[in-house]
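Read through the structure below, which is laid out as structure tokens, and then see the notes.
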Amino acid sequence: MTPAEILQVLQSEAPEVNWFVDGDGYKYEVEAVADVFNDLNAVKRQQFVYKILNPYIADGRIHAVTIRALTPAEKAGA
């Protein structure tokens with residue numbers, strides 16, 4: 001998958017999240033920024049993103065992904 005294809009999947013499944021995807025066709029970096037993460041701990045945030053990407057990881061279209069899930073306030077301070 002290309003980063004654009006992954007971005008399209010993420011945006012269609014969770015349009016309330018601001019997504020950024022980069023990668024080289026093997027390893028990807030996903031950044032997600034949204035208020036939905038306000039009440040979630042780090043594990044739950046990762047699970048939110050993995051729930052969307054798991055079918056693509058399971059069938060081998062995504063090999064490795066690094067996820068950074070932030071609230072808007074955390075992003076502003078980052």
Side-chain angles (χ1 to χ4, degrees):
M1 292 182 83
T2 67
E5 291 170 325
I6 295 171
L7 180 61
Q8 185 176 12
V9 168
L10 293 167
Q11 288 176 329
S12 69
E13 293 295 323
E16 72 277 20
V17 177
N18 290 316
W19 297 101
F20 172 78
V21 180
D22 194 17
D24 59 7
Y26 181 76
K27 183 178 179 183
Y28 298 94
E29 294 183 20
V30 173
E31 181 178 273
V33 180
D35 287 329
V36 70
F37 298 127
N38 280 334
D39 296 326
L40 301 179
N41 64 31
V43 172
K44 295 289 185 190
R45 293 177 184 192
Q46 298 271 322
Q47 289 173 338
F48 180 96
V49 179
Y50 274 119
K51 183 178 178 182
I52 299 170
L53 296 179
N54 270 343
Y56 304 95
I57 294 169
D59 72 11
R61 285 185 277 175
I62 296 175
H63 299 282
V65 62
T66 300
I67 297 169
R68 190 166 179 230
L70 306 166
T71 66
E74 291 169 340
K75 175 67 175 174

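If you're wondering where the values come from, they're calculated on a predicted model, not measured in any experiment.
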* Where do T66 and K27 come nearest, in terms of heavy atoms and distance? -> OG1-CE, 3.8 Å
* If you look at every heavy atom in R45 and A69, which pair is closest and at what distance? -> NH1-O, 3.2 Å
Can [Y] be reached from [X] by stepping across I, L, V, M, F, W or Y side chains whose heavy atoms are under 4.5 Å apart?
X	Y	result
L70	I52	no
V49	V17	yes
V36	V33	no

* **Selection residues 17-42 - residue pairs positive for ring-ring contact (aromatic ring centres under 6.0 Å, His included), sequence neighbours left out** =>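 Found Y26-H63, F37-F48.
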* **Pair K75-E31, salt bridge (charged side-chain N to carboxylate O under 4.0 Å, His left out): steps then yes or no** => CA-CA 10 Å; K75 175 67 175 174; E31 181 178 273; 2.9 Å; yes
* So, does R61 use its side chain to make a donor-acceptor pair with the main chain of Y56 at under 3.5 Å? -> no
* Asked: Does I67 offer a backbone N or O that forms a donor-acceptor pair with the side chain of Q46 under 3.5 Å?
  -> yes
* Asked: Should E5 and V21 count as side-chain neighbours, where that means a heavy-atom distance under 4.5 Å?
  -> no
* **Residue pair T2 / Q8, side-chain heavy-atom distance below 4.5 Å** =>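 A side-chain contact under 4.5 Å is absent here.
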* Asked: CG/D39 to OG1/T71 distance, rounded to the nearest 0.5 angstrom?
  -> 10.5 Å
